[in-house]
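This report refers to the structure that appears directly beneath it.
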Amino acid sequence: MLDLIDRTPDTDDSDSSFDGHDALIRAINNPGSRAFQAVLALAGWELRNNGAIRPDFAQVLDNVVRIPGRIGMKYQAILAERRVFLEAVGAGPHRPCGPSKR
């Protein structure tokens with residue numbers, strides 16, 4: 001999953017502002033961010049259908065929050081927007097995700 005997420009710094013990676021653009025709008029309009037949103041959507045699907053999320057999800061989150069600069073800020077904007085979901089995941093049961101036995 002982590003291979004889909006862009007961790008390379010922008011060529012203009014600096015501490016400057018986003019020049020008046022909303023950080024969330026910028027965050028969701030690039031391929032790496034869409035891949036990260038897909039990871040979050042998959043985690044939600046796994047939680048709803050299997051009752052748990054695969055352990056790799058925690059590793060993805062750990063790696064994403066450590067990404068510096070503008071790229072990291074984009075992912076942090078997405079995480080902030082999905083805060084309620086992440087809190088629910090953090091409060092839920094923590095059992096391995098696998099095929100359901102029906």
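Looking only at side-chain heavy atoms (C-beta outward), Leu61 and Leu86 come within less than 4.5 Å of each other.
In this structure Arg83 satisfies the side-chain hydrogen bond (donor to acceptor under 3.5 Å, both in side chains) test together with Glu87, sequence neighbours excluded. Every residue meeting the side chain to side chain contact (heavy atoms under 4.5 Å, CB included) condition with Arg66, not counting sequence neighbours, appears here in chain and number order: Asp62, Asn63.
Within the cation-pi definition used here (under 6.0 Å to the ring centroid, within 45° of the axis), Arg54 does not qualify as a partner of Phe57.
The main-chain N or O of Ile78 is never found under 3.5 Å from a side-chain atom of Arg82 such that the two would form a donor-acceptor pair.
Considering CG of Leu79 and CG of Leu40, their distance stands at 6.5 Å, rounded to 0.5 Å. With values rounded to the nearest 0.5 angstrom, Asn50 atom CG is found 5.5 Å from Trp45 atom CH2.
Gln76 and Val65 get closest at one heavy-atom pair: NE2-O, 4.1 Å.
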